[in-house]
Amino acid sequence: LFFLSGFSSLLYQIVWQRALFTIYGINIESVTVVVTAFMIGLGAGSLAGGAISKDARRPVLLFFAAAEIGIGLFGFSSLTLFHWVGGFTLAMSPVATAAVTFLLVLFPTVLMGGTLPLLVAYLVRRSGNVGRSVGVLYFVNTLGAAAASILAVVVILGKLGLSGSVTLAAAVNCVVGASVLAIHRRARA
C-alpha cells in the first residue's frame, strides 16, 4: 500500500507541475515554486506526522488512512481548482502568484509528508525495530515513486492525459486509504 502511496504522490507532482506550467508558464520561477512547495510540504508533514505518532494511544493507521483519503479528495478536484485559481491570479504580481501557487499545493503535500512517520510508528509498535521499519517503508515508497516517474512518461500521461492521470492518482489514494481503514478496523476487532 505504501508503494502505491509513493506512486500516486510522484504522479501528482508530475501532473500538477505540468498543469501549473500551462497556467503560469514554464520558467525557473514556476519550477522553483512547485518543487519548493512539495519539499516544504513533505518536510512539514513529516514533522506533523512525527508529532502525532509520538503518543502510542493515537491510532496511527486511522491518521494514515485519513491522510490518504484527504490527498485523494484534493486530487480529484485539483486541476479544476488550479485552473480557477489560475484565472484568479492573472492580475496579481509574480510574487503574489508564486505565494498562491505555493499555498495551493501545500495542503496535500503536508498530508503526503505525514504518511511515512505514521506508518513507521505503526511498524515500530508491532516489531520494535526502528531501523528496519524506516528502511523498508522508505524503500517501498521510493520504489513506488520511481515506478510512477517511469510509467507517467512512458504510458500514463500519453494514454490518460493530465486529467485522467490525476484521477488515477486520486483513486489510488482513496483505495489505499480505504484499505488501511479496513486494516485498522480489523486490528481493533
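Checked by atom type and distance alone, the side chain of Thr89 never pairs as donor or acceptor with a backbone atom of Met92 at under 3.5 Å. Remark: side-chain polar atoms of Arg58 are paired, donor with acceptor, to backbone N or O of Ile52 under 3.5 angstrom. The backbone N or O of Leu42 sits nowhere less than 3.5 Å from a side-chain atom of Ser46 that would complete a donor-acceptor pair. Judged purely by atom type and a 3.5 angstrom limit, Ser5 has no side-chain atom pairing as donor or acceptor with the backbone of Phe2.
Minimum interatomic distance between Leu118 and Gly114 (heavy atoms only, all atoms of both residues): CG-O, 3.1 Å. Nearest approach of Val180 to Ala65, heavy atoms of both residues: CG1-CB, 4.0 Å. Of all heavy-atom pairs between Ile71 and Pro108, the closest is CG1-O, 3.9 Å. Closest non-hydrogen pair, Val124 versus Asn129, comes out as CG2-O, 4.0 Å. Across all their heavy atoms, Leu10 and Ser149 have their closest contact at CD2-CB, 3.2 Å. Shown here for Val172 and Ser8, the closest heavy-atom pair between the two residues is CG1-CB, 4.1 Å.
Residues Phe64 and His184 are not in side-chain contact: their nearest non-hydrogen atoms beyond the backbone lie 4.5 Å or more apart. Residues Leu20 and Val105 are in side-chain contact: their nearest non-hydrogen atoms beyond the backbone lie under 4.5 Å apart. For the pair Leu4/Val175, no side-chain contact is recorded, criterion being any heavy-atom separation below 4.5 Å from C-beta on. Contact of the Leu79 side chain with the Val15 side chain is registered, since non-hydrogen atoms from C-beta on lie closer than 4.5 Å. The shortest side-chain heavy-atom distance between Leu62 and Leu181 falls under the 4.5 Å cut-off. Counting heavy atoms from C-beta outward, Asn141 and Leu116 have side chains that stay 4.5 Å or more apart. Residues Val85 and Thr101 have side chains not in contact (no heavy-atom distance under 4.5 Å, counting atoms from C-beta outward). No side-chain heavy atom of Tyr138 sits under 4.5 Å from any side-chain heavy atom of Val120.
For the atom pair Leu1 CG and Asn173 CG, the distance stands at 11.0 Å (nearest 0.5 Å). The distance from atom CG of Leu104 to atom CH2 of Trp84, rounded to the nearest 0.5 Å, is 10.0 Å. Rounded to the nearest 0.5 angstrom, Arg125 CZ and Leu61 CG are separated by 9.0 Å. The OG1 atom of Thr142 sits 10.0 Å away from atom CG of Leu137, with the distance rounded to the nearest 0.5 Å. Residue Ser165 holds its OG atom at 12.0 Å from NZ of Lys159, rounded to the nearest 0.5 Å. Atom OG of residue Ser163 and atom CG of residue Leu168 lie 11.5 Å apart, to the nearest 0.5 angstrom.
Following chains of ILVMFWY side-chain contacts shorter than 4.5 Å, one cannot reach Phe102 starting from Phe88, and the two form parts of different hydrophobic clusters. In terms of hydrophobic clustering, with Ile, Leu, Val, Met, Phe, Trp and Tyr side chains grouped at heavy-atom distances under 4.5 Å, Leu106 and Leu73 are assigned to different clusters. Residue Ile40 is not grouped with residue Val35 when hydrophobic side chains (ILVMFWY) are merged at heavy-atom distances under 4.5 angstrom, including chains of intermediate members. Side-chain heavy atoms closer than 4.5 Å link hydrophobic residues (I, L, V, M, F, W, Y) into clusters, and following such links, possibly through other members, connects Val154 to Phe7. Val110 and Val100 are assigned to two separate hydrophobic clusters, defined by single-linkage of ILVMFWY side chains at heavy-atom distances under 4.5 Å.
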Please report the C-alpha distance between Gln17 and Phe38 in whole Å, then the side-chain angles of each, then the deciding distance to 0.1 Å, and finally whether the side chain to side chain contact (heavy atoms under 4.5 Å, CB included) criterion is met. CA-CA 10 Å; Gln17 198 157 354; Phe38 258 84; over 6 Å; no
Check the pair Val31, Phe21 against side chain to side chain contact (heavy atoms under 4.5 Å, CB included), reporting the backbone distance first and the verdict last. CA-CA 8 Å; Val31 171; Phe21 288 164; 3.4 Å; yes
Chi angles and distances behind the side chain to side chain contact (heavy atoms under 4.5 Å, CB included) call for Val166, Phe76: CA-CA 7 Å; Val166 83; Phe76 281 122; over 6 Å; no
Evaluate side chain to side chain donor-acceptor pair (under 3.5 Å) for Glu68 paired with Thr115, printing each intermediate quantity in order. CA-CA 8 Å; Glu68 288 290 325; Thr115 58; 4.7 Å; no
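The aromatic rings of Trp16 and Phe82 sit perpendicular, their planes meeting at an angle over 60°, well past the 30° parallel limit.
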